[in-house]
Colleague: 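Questions regarding the structure given below will be posed in turn.
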Amino acid sequence: MSIILAIESSCDDTSAAVIIDGIVKSNVTATQKIHEKYGGVVPEVASRKHQSNIIPVVDEALKNANIDVNNLSAIAVTKGPGLLGSLIVGVSFAKGLALSLGIPIIEVNHMMAHVLAHYADDPKPNFPFLCLTVSGGHTQIVRVNSPFEMIVIGSTIDDAAGEAFDKTGKIMGLKYPAGPIIDKLAQTGNPVYSFTEPNIEGLNFSFSGLKTSILYFLKAQLKENPNFIDENLADICASVQDRIVSILLNKIKNAAEQTGIHEIAIAGGVSANSGLRKAIKQAGAELNWNTYIPEFQYCTDNAGMIGIAAYFKYMKNDFADLTLVPSARMIMH
Ligand code: KG4
Ligand code: ZN
């Protein structure tokens, strides 16, 4: 039997999970509300918050899974990519605990873990599958050949999809992170405003032009009517979301066509978006795809997905040692 304690601290969520024989038994996340007032994540503040959150979060994860710390088989931790100061807290904690318990450490790539989060749920995608990984820091189409072999076949050339939500939300005066707020407001509005779709070659994405066109559109409207945003907020949100979703959907459609792969998954914080979830399901029904949409708890950053990714490594005896250091720009391999 394997009992893995997993730790995630790459950005602004401190999370711990217990995974027993590949099944997530507990998954506890402390979200750092403090960044709201700054309109984005402040790295130094995030790092300090991780320090105060990590012990209570780990304690709760162990308690919820009914596991004594002495019964753990291994500690899994996010090595990167992410904010260096945030990663250091998780990695240092994991190393200290592993050393004191005399058990191995498993290093995990955060982006691979977002993809492998699908193995926490049923049905599980069959290899090879395509995964659209959309978060606050990344936007990628990944060809997943196995739990250990992932090839990025498309990515953003500027902002990430989550940033597109967060930055346009900021322009409208919404709190950080604006993604979930736009999602909620969009449900009561209609996509009546049309923002141009960028023409980017191949499977790559761009979102910075969209942000600029929304900024100019709102500036022009506010000149005519200073209350334009307040009076039309739901419709503006629906229009922004509609465009972001169509950009993502068109690229994943191209990727499916080019690769001939019809196993299609979405992952990362933006995969919680109701418009994207609906659009992927609809496209799947039309184009004969098997679609995989993660449970909400596995969309945004969480240690459950780190533990699932670590379990694959545990089964291969693929362990790190105490020389492990975080890697802010870690790439997939
Ligand atoms: O994966 P994640 O928790 O952290 C990163 O690794 O970046 O993703 C966070 C991002 C934020 O940009 C947030 O606004 C976005 O995911 N997000 C959403 C929704 N929930 C979270 N965007 C759109 N709709 C949502 N429901
Ligand atoms: Zn993430």
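Each ligand, and each atom within it, is numbered from 1 in the order the structure gives. Remember, it's a predicted structure, so these values are computed and weren't measured experimentally.
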Colleague: What atoms in ligand 1 come closer than 4.0 Å to a heavy atom of His110?
Modeller: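 Here the atoms of ligand 1 in question are 6 (O).
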Colleague: So which of the N, O or S atoms of Asp301 lies nearest the Zn ion (ligand 2)?
Modeller: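 It is OD1 of Asp301.
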Colleague: Kindly say whether Asn302 contributes a backbone atom to a donor-acceptor pair with the side chain of Asp13 at under 3.5 angstrom?
Modeller: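 No, the answer is negative, given that no donor and acceptor are paired below the 3.5 Å cut-off.
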Colleague: Which atoms of ligand 1 are found less than 4.0 Å from any heavy atom of Gly137?
Modeller: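 Taking each heavy atom of Gly137 in turn, ligand 1 has 7 (O) under 4.0 Å.
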Colleague: For Phe195 and Tyr193: C-alpha separation, side-chain torsions, deciding distance, then whether ring-ring contact (aromatic ring centres under 6.0 Å, His included) applies.
Modeller: CA-CA 7 Å; Phe195 302 111; Tyr193 308 110; 7.0 Å; no
Colleague: Is the distance between the Zn ion (ligand 2) and the nearest N/O/S atom of His138 smaller than 2.8 Å?
Modeller: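 Under 2.8 Å: His138 has no N, O or S contact with the Zn ion (ligand 2).
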Colleague: Counting C-beta onward and ignoring hydrogens, is there a side-chain heavy-atom pair between His138 and Pro81 closer than 4.5 Å?
Modeller: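 Heavy-atom side-chain distance check passes, below 4.5 Å.
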Colleague: Can you name the atoms of ligand 1, numbered from 1 with element, that are less than 4.0 Å from a heavy atom of Ser135?
Modeller: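 Contacts of ligand 1 toward Ser135, numbered from 1: 1 (O), 5 (C), 6 (O), 7 (O), 8 (O).
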Colleague: For a distance under 2.8 Å, tell me if His114 has an N/O/S atom near the Zn ion (ligand 2).
Modeller: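 Looking at His114, which is the residue asked about, there is an N, O or S atom under 2.8 Å from the Zn ion (ligand 2).
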Colleague: Relative to the heavy atoms of Asp166, which atoms of ligand 1 are at a distance of less than 4.0 Å?
Modeller: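 Close to Asp166: 11 (C), 12 (O), 13 (C), 14 (O).
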Colleague: Using a 4.0 Å cutoff against the non-hydrogen atoms of Asp183, which atoms of ligand 1 qualify?
Modeller: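 Once the distances to Asp183 are compared, the set is 24 (N), 25 (C), 26 (N).
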Colleague: I need the nearest protein heavy-atom contact for atom 21 (C) of ligand 1: residue, atom name and distance, please.
Modeller: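 Sorting protein heavy atoms by distance from atom 21 (C) of ligand 1 puts Gly269 O, 3.4 Å first.
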Colleague: To check your reading of the model: name the closest protein heavy atom to atom 24 (N) of ligand 1, its residue, and the distance in Å.
Modeller: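 Its nearest protein heavy-atom neighbour is Asn273 ND2, 3.0 Å.
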Colleague: Evaluate whether atom CD of Glu36 has more than 12 neighbouring non-hydrogen atoms of other residues, nucleotides or ligands under 6.0 angstrom away.
Modeller: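 More than 12 within 6.0 Å, yes.
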Colleague: Among all protein heavy atoms in this structure, tell me which lies nearest to atom 22 (N) of ligand 1, with the distance rounded to 0.1 Å.
Modeller: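 Here the nearest protein heavy atom works out to Gly179 CA, 3.4 Å.
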Colleague: Using modelled atom types only, decide if a donor and an acceptor are shared between the side chain of Lys124 and the backbone of Asp121 within a distance under 3.5 Å.
Modeller: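 The answer is yes, because a donor-acceptor pair under 3.5 Å joins these two groups.
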Colleague: Any atom of ligand 1 sitting under 4.0 Å from a heavy atom of Pro180?
Modeller: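 Flag set, Pro180 near ligand 1.
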Colleague: Can you check whether Lys25 reaches Ile67 side chain to side chain, under 4.5 Å on heavy atoms?
Modeller: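 Side chain of Lys25 against side chain of Ile67, heavy atoms only: no contact under 4.5 Å found.
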Colleague: For atom 7 (O) of ligand 1, what is the nearest protein heavy atom, given as residue, atom name and distance?
Modeller: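 Nearest neighbour among protein heavy atoms for atom 7 (O) of ligand 1, to 0.1 Å: Gly136 N, 2.8 Å.
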Colleague: Side chain of Thr156, backbone of Asp158: donor and acceptor closer than 3.5 Å?
Modeller: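 Judged by distance alone, yes, a pair lies under 3.5 Å.
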Colleague: Any side-chain donor-acceptor pair under 3.5 Å between Asn64 and Ser26?
Modeller: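 There is no such pair between these side chains.
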Colleague: With the threshold set at under 4.0 angstrom, would you say His138 reaches ligand 1 through any of its heavy atoms?
Modeller: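 No; His138 lies far enough from ligand 1 that no heavy-atom distance drops under 4.0 Å.
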Colleague: Among all protein heavy atoms, pick the one closest to atom 4 (O) of ligand 1 and tell me residue, atom and distance.
Modeller: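 It is Asp301 OD2, 3.1 Å.
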Colleague: Run the side-chain contact (heavy atoms from CB on, under 4.5 Å) check on Val24 and Ile308 step by step: do they pass?
Modeller: CA-CA 8 Å; Val24 180; Ile308 293 288; 3.8 Å; yes
Colleague: Distance under 4.0 Å to a non-hydrogen atom of Gly162: what atoms of ligand 1 satisfy this?
Modeller: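 In order of numbering, the contacting atoms are 12 (O).
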Colleague: When you measure from the side chain of Arg277 to the backbone N and O of Pro294, does any donor-acceptor pair fall under 3.5 Å?
Modeller: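 Confirmed, Arg277 side chain pairs with Pro294 backbone.
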